[in-house]
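First comes the structure, then the notes that go with it.
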Amino acid sequence: MSRDSPLDSPVNHSSLVLLCTALAAALSPAQAQQYPTRAVRLIVASSPGSGVDIVSRIMAQKLSAGLGQQVIVDNRAGAGANLGAEIAAKAPPDGYTLLMGTPAHAINVSMYSGLNYDIIRDFTPVSLVSTGQYVVIVHPSVPARTVKELIVLARSKPGDLAYGSAGPGNSTHLAGELFNSMAGTKILHVAYKGSGPALIELMSGQLQVMFANITAGLPHIRTKRVRALAVTGPKRSSQAPELPTVAEAALPGYAVTSFFGVLVPAGTPGAIIAKLNSEIVKAVLAADVQATLATEGAEAIGSSPEEFAAYIRAEIPRWTAAVKTAGLYAQAR
């Protein structure tokens, strides 16, 4: 552009910016009325069969009906859930790419240096979908039927037992490290690319223990392919009320919970966010979806974008403390 171009003038440049902003704002309601005109992608930064994958597919089916377009679950496991988040962060902010946020994305803020995305800066929360907890499960061959018995066994054979997780620094990993720290045990950690592969290894007997998302663990508990010892939350699960919490069973003060919620790339028009929020909340709070999620051990929530934003901001320091206690720090790829 030449020196004489009128757009080089600070006044004219500011006017152009204001005009573009005004036009974008004016177009947002129209965009929302037309949106979506094609399929919507929901990125799940975990493998098929994991807890977040199960909840995402339950929600996506109902959300597809509400939006009038198919919501396709796109599993992008890897790099401790960073791969899926990076892909979503770089996607156009047009409402056609969603990310299912998980505890991993709150954990990674403090665990990884050099991340290629910022969960606060690069995303806008849409709605909290569900909350839940984890369940301590063992292979049937393990001679422990209570948490206390597992602790005694692990202490007697330090390093002989192994637990699987959905990846380094994943909440299923930190749940195990917190357990080791509080119980004085040395159950070895083995990382997988998602809960699904870890569960398969546990059921085959290659692993002895897992702190699994209850959504992913319940089906295998019911078929007795694994044995459940306790849940990790501050209270018992309504789906497995016979299971004590780890805190009441053996380790007072132990508590680990999970959450799933939808985010979109920062810059997504407000009207589209509002439409997505409305449809997600309707989908999640539909009686049949609530019932299905409950059978999977998840509690349907549905929230405003502001409530979900506050929830994420509160989760980050909680997990930062857990990462510090475990001494888990890594360099992003």
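The analysis underlying the following values was restricted to heavy atoms, covering all of them including side chains, and did not include hydrogens, waters or symmetry mates. Bear in mind the structure is a predicted one, so any value in this text is a computation, not a measurement.
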Quiz item: Listed by chain and number, what are the ring-ring contact (aromatic ring centres under 6.0 Å, His included) partners of His189, not counting sequence neighbours?
Solution: Tyr163, His173

Quiz item: Are any non-hydrogen side-chain atoms of Val142 and Val209 less than 4.5 angstrom apart?
Solution: no

Exercise. Hydrophobic side-chain clustering at under 4.5 Å (ILVMFWY, transitive links): who's grouped with Val152? Put none if nobody.
Key: none

Quiz item: Leu161 versus Leu150: any side-chain heavy-atom pair under 4.5 Å?
Solution: yes

Quiz item: Which pairs pass ring-ring contact (aromatic ring centres under 6.0 Å, His included) with one or both residues in residues 227-267, sequence neighbours excluded?
Solution: Phe259-Tyr311

Quiz item: Would you say the side-chain atoms of Ser278 pair up with the backbone N or O of Lys275, donor to acceptor, closer than 3.5 Å?
Solution: no

Quiz item: Can any side-chain N or O of Thr320 pair as donor or acceptor with the backbone N or O of Ile316 at less than 3.5 Å?
Solution: yes

Quiz item: For Ser303, what residues pass the side chain to side chain contact (heavy atoms under 4.5 Å, CB included) criterion, not counting sequence neighbours?
Solution: Ser127, Leu128, Glu307, Phe308

Practice problem: Give a yes or no on whether Leu218 and Phe211 share a hydrophobic cluster (residues Ile, Leu, Val, Met, Phe, Trp, Tyr; joining criterion: side-chain heavy atoms under 4.5 Å apart). | Solution: no

Quiz item: Does Gly132 offer a backbone N or O that forms a donor-acceptor pair with the side chain of Glu299 under 3.5 Å?
Solution: no

Practice problem: Hey, could you give me each pair passing salt bridge (Lys or Arg N to Asp or Glu O under 4.0 Å) that has a residue in residues 207-226? Not counting sequence neighbours. | Solution: none

Quiz item: Who passes side-chain hydrogen bond (donor to acceptor under 3.5 Å, both in side chains) against Lys62, sequence neighbours left out?
Solution: Asp288

Quiz item: Going only through I, L, V, M, F, W and Y residues with side-chain contacts under 4.5 Å, is there a path from Ile280 to Ile54?
Solution: yes

Quiz item: How long is the span from the CE atom in Met111 to the CG atom in Leu174, to the nearest 0.5 Å?
Solution: 7.5 Å

Exercise. Determine the minimum heavy-atom distance between Pro219 and Glu296, stating which atoms define it.
Key: CG-OE1, 4.1 Å

Quiz item: With sequence neighbours excluded, what pairs up with Ala183 under the side chain to side chain contact (heavy atoms under 4.5 Å, CB included) test?
Solution: Ile151, Phe179, Thr185, Leu251

Quiz prompt | Heavy-atom donor-acceptor pair, Asn277 side chain to Val126 backbone, under 3.5 Å | solution = yes

Quiz item: Will you find, in the side chains of Gln331 and Ser113, an N or O donor that is under 3.5 Å from an N or O acceptor?
Solution: yes

Quiz item: Crowded around Glu201 CD? As in, over 12 foreign heavy atoms under 6.0 Å?
Solution: yes

Quiz item: How far apart are the closest heavy atoms of Pro103 and Tyr134, and which atoms are they?
Solution: CG-OH, 3.8 Å

Quiz item: Are Met210 and Val147 connected in the hydrophobic side-chain network, where two residues link if heavy atoms are under 4.5 Å apart?
Solution: no

Quiz item: Going by side-chain heavy atoms closer than 4.5 Å, which hydrophobic residues are tied to Ile72, directly or by a chain of links?
Solution: none

Quiz item: Taking only residues two or more places apart in sequence, or in another chain, which ones meet Glu149 in a salt bridge (Lys or Arg N to Asp or Glu O under 4.0 Å)?
Solution: none

Practice problem: Check salt bridge (Lys or Arg N to Asp or Glu O under 4.0 Å) between Arg155 and all other residues, then give those that pass, not counting sequence neighbours. | Solution: none

Quiz prompt | Heavy-atom side-chain contact between Val55 and Leu293 under 4.5 Å | solution = yes

Quiz item: Which residue pairs pass the side chain to side chain donor-acceptor pair (under 3.5 Å) test when at least one of the two sits in residues 42-55, sequence neighbours left out?
Solution: Ser46-Ser50, Asp53-Arg57, Asp53-Asn75

Quiz item: Of Thr245, Thr257, Val136, which is the lone residue that meets side chain to side chain contact (heavy atoms under 4.5 Å, CB included) with Val231?
Solution: Thr245

Quiz item: Taking only residues two or more places apart in sequence, or in another chain, which ones meet Tyr96 in a ring-ring contact (aromatic ring centres under 6.0 Å, His included)?
Solution: Tyr35

Quiz item: Do Met100 and Ile43 come close enough that some side-chain heavy atom pair is under 4.5 Å?
Solution: no

Self-check item: Side chain to side chain, Ile312 and Ile120, heavy atoms closer than 4.5 Å
Solution: yes

